[in-house]
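Only a predicted model underlies this, so the values are computations on that prediction, with no experimental measurement involved. Chain letters run A, B, ... following the sequence lines, proteins first and then strands; every chain starts at 1.
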Amino acid sequence: MEIAEGVRLVTFGILSVMMLGAALGVVLFANIVYSAFLLGGVFISMAGIYILLNADFVSAAQILVYVGAVNVLILFAIMLVNKREDFKPMKNAWIRQGSTAVVCAGLFALLSSVSIVTPWKISTTMPLTSTVVPIAKHFFTDFLLPFELASVLLLMSMIGAIVLARRDFMPDSAIVGTSTQDSLTLPERPRELVGIEK
Amino acid sequence: MLQLPYFLILAAALFCIGIYGLVISRNAVRVLMSIELMLNAVNLNLMGFSNYIDPVEIKGQVFTIFVIAIAAAEAAVGLAIVLSIYRNRDTVDMEQFNLLKW
């Protein structure tokens, strides 16, 4: 990549500040809609960092899949479970938060010290300018089986999500009166058939 | 000069924020968002190693794409489970999902 080192360093600084700030916002904001939009900010700045790492294809895939699919899915889930509820405050909540913060800070110190101390075997060859063709070669030669299994897994998860989210249970009070229900069927709300004229 | 430990430290920070959010958040959807943060941190690690240690055979990027696919599937199934729990219990508070607690 023909970008000067200073520009790369400044870009990395801006992107990392954006990413960490947005991630803290995701965790700490009280309103979950703000959290969902800041999660999109995390994903976009992650795509920018991928471009700094000479990975054009993965950066585009990150934007397409994460911002375009996962973030929209999360927003839809927030809409579907849209219930303003004030959580009952737990007693001794500060013990959990404090101990979690201490553990996370310790883990961060451990990981960063390991990554600084370890003598990485940095390769000196120039990175590739375009990564699409090598990735495609990997997919269709030595990673062919995982690639196909991923498609099967996506199909399985799609069907599983439909089956899990489809059922529409009635409240218990409404079920009691209906004795004609077959014992094997799940109690579902009777549906209006759309598009059938009587 | 941009070096490998910068990216690793950034990924470590993002992972720790994800763990913190996973433990302390009480909304079930926010727990799923924290899991996405952790998966992104792992992806950043893989991409950093792929660029600095293995820049010719970019296998780290291939693994990153697999992780992205798995994360998309996980998000779909996880949100469907949250929706189903919400219909059964009428709440998204993690503290009230205590049916299996002893």
Notebook entry, point to check: Picking from B/V77, B/I58, B/I81, which has the most non-hydrogen pairs under 4.5 angstrom with chain A?
Noted result: B/I58
Notebook entry, point to check: Under a 4.5 Å heavy-atom cut-off, does chain A meet the side chain of B/S50, its backbone, both or neither?
Noted result: neither
Notebook entry, point to check: What distance do A/S115 atom OG and B/L4 atom CG have between them, rounded to the nearest 0.5 Å?
Noted result: 8.0 Å
Item checked: Note, B/L83 side chain near A/V81 side chain (heavy atom, < 4.5 Å) -> yes
Margin query: Determine whether a donor-acceptor pair (N or O, by modelled atom type, separation under 3.5 Å) exists between the side chain of B/R30 and the backbone of A/V26.
Written below: yes
Note to self: What's the separation between atom CG in B/L32 and atom CD1 in A/I74, rounded to the nearest 0.5 Å?
What the structure shows: 7.0 Å
Next item on the list: Quick one: which of B/A69, B/P5, B/C16 has the most heavy-atom pairs under 4.5 Å with chain A, could you say?
Entry: B/C16
Notebook entry, point to check: Given a strict heavy-atom distance threshold of 4.5 Å, which part of A/A30 is in contact with chain B: side chain, backbone, both, or neither?
Noted result: backbone
Check: For A/N71, is it the side chain, the backbone, both or neither that has a heavy atom under 4.5 Å from a heavy atom of chain B?
Finding: neither
Check: In terms of heavy-atom proximity below 4.5 Å to chain B, should A/L9 be classed as side chain, backbone, both, or neither?
Finding: both
Margin query: Within the 4.5 Å heavy-atom criterion, are B/M47 and A/I49 side-chain neighbours or not?
Written below: no
Notebook entry, point to check: Looking at side-chain heavy atoms only, is the closest gap between B/M33 and A/S35 below 4.5 Å?
Noted result: yes
Next item on the list: To the nearest 0.5 Å, tell me how far B/F66 CZ sits from A/L149 CG.
Entry: 9.0 Å
Next item on the list: State, yes or no, whether a side-chain contact exists between A/W120 and B/Q3 at a heavy-atom distance under 4.5 Å.
Entry: no
Next item on the list: Name the member of B/V62, B/V82, B/D54, B/T64 that forms the most heavy-atom pairs with chain A at distances under 4.5 Å.
Entry: B/V62
Notebook entry, point to check: Given that the side chain runs from C-beta out, which part of A/M158 has a heavy atom under 4.5 Å from chain B: side chain, backbone, both or neither?
Noted result: neither
Next item on the list: Drop me the distance from A/M19's CE to B/L37's CG, to the nearest 0.5 angstrom.
Entry: 9.5 Å
Note to self: Looking only at heavy atoms and a cut-off of under 4.5 Å, which of B/I24, B/V56, B/I17 has the most pairs with chain A?
What the structure shows: B/I17
Next item on the list: Decide yes or no for A/L28 and B/Y20: does some side-chain heavy atom of the first lie under 4.5 Å from some side-chain heavy atom of the second?
Entry: yes
Next item on the list: Measure B/I65 against the heavy atoms of chain A and call it side chain, backbone, both or neither at under 4.5 Å.
Entry: side chain
Note to self: Any heavy-atom pair between the side chains of A/H138 and B/E57 that's under 4.5 Å?
What the structure shows: yes
Checklist line | Separation between CZ of A/F108 and CD1 of B/I19, rounded to the nearest 0.5 Å | finding: 12.5 Å
Check: Taking the side chain as C-beta and beyond, is there a heavy-atom pair between A/S123 and B/Y52 under 4.5 Å?
Finding: no
Checklist line | Salt bridge A/R96-B/E95, side-chain N to carboxylate O under 4.0 Å | finding: yes
Next item on the list: Answer with yes or no whether the side chains of B/N40 and A/Q62 bring together a donor and an acceptor at under 3.5 Å.
Entry: yes
Notebook entry, point to check: Can you find a pair of side-chain heavy atoms, one from B/Y86 and one from A/L80, that are under 4.5 Å apart?
Noted result: no
Note to self: To the nearest 0.5 Å, what is the distance between OH on A/Y66 and CG on B/N43?
What the structure shows: 5.5 Å
